[in-house]
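Okay, structure first, notes after.
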Amino acid sequence: MSTRLHLHLLSDSTGETLENIAKAALAQYDDVETVRHFWPMVRTETHLERILQEIAQNPGLVIYTLVNPSTRRILESRCHALGLPAVAPLDPVNAALSGLLGVQAKMRPGRQHVLDAAYFARVDAIQFTIAHDDGMAWEEWEEADIVLAGVSRSSKTPTSIYLANRGYKTANIPVVVESPPPAALFSLRHPLVVGLTTSADRLIAIRRNRLLSLNQAPDTDYVEQEAVNREIAFARRMFADNGWPVIDVTRRSIEETAAAIISLVNQRRPAPEIPA
């Protein structure tokens with residue numbers, strides 16, 4: 001029997017941070033029916049008053065990232081009066097940073113969304129990644145940070161897009177037995193080439209669902225057990241022959257796969273020089 005929970009997320013910016021925090025926390029609980037009330041761009045007391053009426057009508061957990069002292073006090077006071085928990089998840093982090101740095105936080109809404117150099121670098125990475133999906137524009141792979149190789153339906157594209165959102169220019173190439181990849185793949189110097197592999201059973205299941213969604217016959221070599229085993233073995237030999245790191249995505253989410261790849265990228269970077 002599931003538990004019903006009203007979750008109120010209040011932010012003075014886009015609320016993206018709050019949504020990620022709530023998602024991560026709720027993933028730890030089974031059988032919880034969550035009704036989310038999302039309130040971004042809360043920057044005036046008038047706006048907050050309207051939201052407080054909704055909170056009173058649908059009591060539950062309140063999570064907020066408000067930097068304005070006045071709106072914070074009002075929210076905290078009213079939640080206390082209603083007997084509702086109100087949590088500011090960034091407060092402990094800001095307090096720890098202030099203590100270590102010896103300065104107070106700027107307390108400006110949406111500072112993480114400032115259009116700085118990192119933002120434009122991320123946009124550039126996304127554009128590069130889209131233009132270099134599925135083996136396209138291989139002549140430009142040397143400009144990539146990461147190149148992913150793997151058989152069809154081994155999560156190359158979604159992992160590439162996730163990495164691009166983290167600022168990494170990512171290209172990907174399907175490994176096909178009958179069609180060897182461009183020779184340039186084996187002589188890349190700047191990008192980290194990573195092989196993605198998965199179990200045959202999982203791959204067949206994903207491919208069958210793909211064929212069914214396209215209204216195509218599910219009885220082809222694309223999903224035949226021996227053919228799929230040969231494909232995976234061919235890809236693994238290629239990865240081993242070239243000394244590329246390999247990640248098995250069978251039981252990994254896209255986020256977990258990307259985290260493992262980013263760790264490999266960081267390990268590859270030269271250690272900073274220590275001044276004498």
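All values reported here derive from a predicted model rather than from experimental measurement. Only heavy atoms go into these numbers, but all of them, side chains included; no hydrogens, no water, no symmetry mates.
Classification of Glu140 and Lys169 as a salt-bridged pair fails, no side-chain N sitting under 4.0 Å from a carboxylate O.
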With a 3.5 Å cut-off and sequence neighbours excluded, list the donor-acceptor pairs that the side chains of residues 76-91 form with protein atoms.
| from | atom 1 | to | atom 2 | distance (Å) |
| --- | --- | --- | --- | --- |
| Glu76 | OE2 | Tyr64 | OH | 2.5 |
| Arg78 | NH1 | Glu49 | OE1 | 3.1 |
| Arg78 | NH1 | Glu49 | OE2 | 3.2 |
| Asp91 | OD1 | Arg72 | NH1 | 3.3 |
| Asp91 | OD2 | Arg72 | NH2 | 2.6 |

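For the atom pair CG of Leu66 and OG of Ser13, the computed distance is 11.0 Å after rounding to the nearest 0.5 Å. Expressed to the nearest 0.5 Å, how far NE2 of His8 lies from NE2 of His37 amounts to 4.5 Å. Distance check: Leu188 CG to Glu143 CD gives 11.5 Å after rounding to the nearest 0.5 Å. In this structure, Ile247 CD1 and Ser155 OG are separated by 11.0 Å, a value rounded to the nearest 0.5 Å. How far CZ of Arg237 is from CG of Asn242: 12.5 Å, rounded to the nearest 0.5 Å. Atoms OG and CD, on Ser152 and Glu231 in that order, are 7.0 Å from each other to the nearest 0.5 Å.
Scored by the side chain to side chain contact (heavy atoms under 4.5 Å, CB included) test, Thr34 finds Leu7, Leu26, Val32, Arg36 as partners (sequence neighbours excluded).
Defined by atom type and a distance below 3.5 Å, a donor-acceptor pair is missing between the side-chain atoms of Thr71 and Glu45.
Contact of the Glu224 side chain with the Val228 side chain is not registered, since no non-hydrogen atoms from C-beta on lie closer than 4.5 Å.
Within the hydrophobic cluster formed by Ile, Leu, Val, Met, Phe, Trp and Tyr side chains joined at under 4.5 Å, directly or through other members, Val35 stands alone, with no partner residue.
Exactly one of Ile130, Val123, Thr129 qualifies for a side-chain contact (heavy atoms from CB on, under 4.5 Å) with Ile126. That residue is Ile130.
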